[in-house]
Amino acid sequence: MTTIYGIKNCNTMKKAFDFLNQNGIAHEFFDYKKSVLSQDDFEKFVATFGNKVINKQGTTYRKLDDTAKTVLAGGDISAMYEIVKNNLSVLKRPIVMGDDVALIGFDESEWGGVFGVL
């Protein structure tokens, strides 16, 4: 099953949901506002996308102190997770993971190619 991770009230997420629904792509939604991401899932995100996982343009990131930003830029996944689990909005949205799918951010042409709906 394909899972889309993010928050409901996000314009980019709305575009992603519209794309999935309009193309009949079955998916589950993991809402950062309602559930805490597991460390295993976070580790998979970092292993797949590297430092792109952290949204450095967002308000949540900008509000973090310099120490937290340094940890998020480092390689200590456990320390990074400790910050992320309490600030899930710092993660780039959406993140889509499935059997043959790994996407971060929303780019309609990229998604169309991955899901075969060009």
Side-chain angles (χ1 to χ4, degrees):
M1 173 58 82
T2 299
T3 302
I4 183 169
Y5 296 82
I7 59 176
K8 209 162 203 98
N9 284 344
C10 168
N11 290 334
T12 306
M13 289 294 298
K14 289 176 185 176
K15 291 176 191 175
F17 286 128
D18 287 346
F19 176 91
L20 294 171
N21 293 331
Q22 289 170 0
N23 290 291
I25 299 166
H27 61 279
E28 294 177 344
F29 173 49
F30 186 96
D31 190 339
Y32 293 148
K33 298 289 184 185
K34 294 183 179 177
S35 302
V36 176
L37 185 71
S38 72
Q39 185 166 345
D40 285 345
D41 284 340
F42 177 69
E43 289 176 4
K44 287 177 194 168
F45 293 171
V46 173
T48 303
F49 304 111
N51 63 358
K52 288 194 277 184
V53 168
I54 305 300
N55 179 10
K56 295 179 181 173
Q57 308 303 315
T59 305
T60 303
Y61 180 82
R62 290 192 305 257
K63 288 182 180 178
L64 294 173
D65 62 34
D66 289 342
T67 302
K69 289 176 183 177
T70 300
V71 170
L72 290 175
D76 184 342
I77 303 295
S78 293
M80 291 171 69
Y81 176 72
E82 289 304 312
I83 294 168
V84 168
K85 76 177 181 182
N86 296 312
N87 301 281
L88 288 170
S89 293
V90 78
L91 294 174
K92 183 137 176 90
R93 299 179 299 266
I95 293 176
V96 178
M97 300 293 281
D99 292 335
D100 298 322
V101 178
L103 296 164
I104 190 165
F106 179 74
D107 177 309
E108 188 168 1
S109 61
E110 178 185 12
W111 283 41
V114 168
F115 288 110
V117 293
L118 289 175

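These values consider heavy atoms only, across backbone and side chains, with no hydrogens, waters or symmetry-generated copies. We number each residue from 1, following the sequence as shown.
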Measure the spacing between [atom1] of [X] and [atom2] of [Y] and express it to the nearest 0.5 Å.
| X | Y | atom1 | atom2 | value |
| --- | --- | --- | --- | --- |
| T60 | I83 | OG1 | CD1 | 13.0 Å |
| F45 | I77 | CZ | CD1 | 12.5 Å |
| S38 | K44 | OG | NZ | 7.0 Å |

If we only count heavy atoms from C-beta on, is the [X] to [Y] side-chain gap below 4.5 Å?
| X | Y | value |
| --- | --- | --- |
| E43 | V46 | no |
| Y5 | D31 | no |
| L20 | I4 | yes |
| F106 | M13 | no |
| L91 | V53 | yes |
| W111 | N23 | no |
| S35 | F30 | yes |
| L72 | L64 | yes |

**Closest non-hydrogen atom pair, S89 against I7** = OG-CD1, 4.4 Å

With no hydrogens and no angle check, is any side-chain donor or acceptor of [X] less than 3.5 Å from a backbone partner on [Y]?
| X | Y | answer |
| --- | --- | --- |
| N87 | V90 | no |
| Y81 | L37 | yes |
| R62 | Q57 | yes |

**Prompt:** Between T2 and E28, is a side-chain hydrogen bond (donor to acceptor under 3.5 Å, both in side chains) present by the stated rule, with each step listed?
**Reply:** CA-CA 6 Å; T2 299; E28 294 177 344; over 6 Å; no

**Which residues share a side chain to side chain donor-acceptor pair (under 3.5 Å) with E108, sequence neighbours left out** = none

**Message:** Centre-to-centre under 6.0 Å for F17 and F29, is that the case here?
**Reply:** yes

**Request:** Begin from the C-alpha positions of T48 and M97 and carry the test side chain to side chain contact (heavy atoms under 4.5 Å, CB included) through to its verdict.
**Result:** CA-CA 10 Å; T48 303; M97 300 293 281; 3.8 Å; yes

**Prompt:** Mind checking whether F115 and F19 have parallel, tilted or perpendicular rings, split at 30° and 60°?
**Reply:** tilted

**Worked verdict on D107 versus S109 for side-chain hydrogen bond (donor to acceptor under 3.5 Å, both in side chains)** = CA-CA 6 Å; D107 177 309; S109 61; 2.7 Å; yes

**Asked** Under a single-linkage definition using a 4.5 Å side-chain heavy-atom cutoff for Ile, Leu, Val, Met, Phe, Trp and Tyr, are Y32 and L103 assigned to the same hydrophobic cluster?
**Response** no

**Request:** Could you state whether I25 and I95 fall into the same hydrophobic cluster, counting links through intermediate Ile, Leu, Val, Met, Phe, Trp or Tyr residues with side-chain heavy atoms under 4.5 angstrom apart?
**Result:** no

**Request:** Each residue besides M1 in its hydrophobic cluster should be listed here, by chain and number; the cluster joins Ile, Leu, Val, Met, Phe, Trp and Tyr at side-chain heavy-atom distances under 4.5 Å.
**Result:** none

**Message:** Tell me whether K69 at atom NZ has more than 12 heavy atoms from other residues, nucleotides or ligands lying less than 6.0 Å away.
**Reply:** yes

**Asked** In terms of heavy-atom contacts, does NZ of K14 have more than 12 from other residues, nucleotides or ligands at under 6.0 Å?
**Response** yes

**Request:** Among residues two or more places apart or on two chains, list those pairs meeting salt bridge (Lys or Arg N to Asp or Glu O under 4.0 Å) that have a residue in residues 78-105.
**Result:** E82-K85

**Message:** H27 vs N21, test: side chain to side chain contact (heavy atoms under 4.5 Å, CB included). Steps then yes/no.
**Reply:** CA-CA 9 Å; H27 61 279; N21 293 331; 3.3 Å; yes

**Prompt:** What's the verdict on side chain to side chain contact (heavy atoms under 4.5 Å, CB included) for T3 and V96, showing C-alpha distance, side-chain angles and the deciding distance?
**Reply:** CA-CA 6 Å; T3 302; V96 178; over 6 Å; no

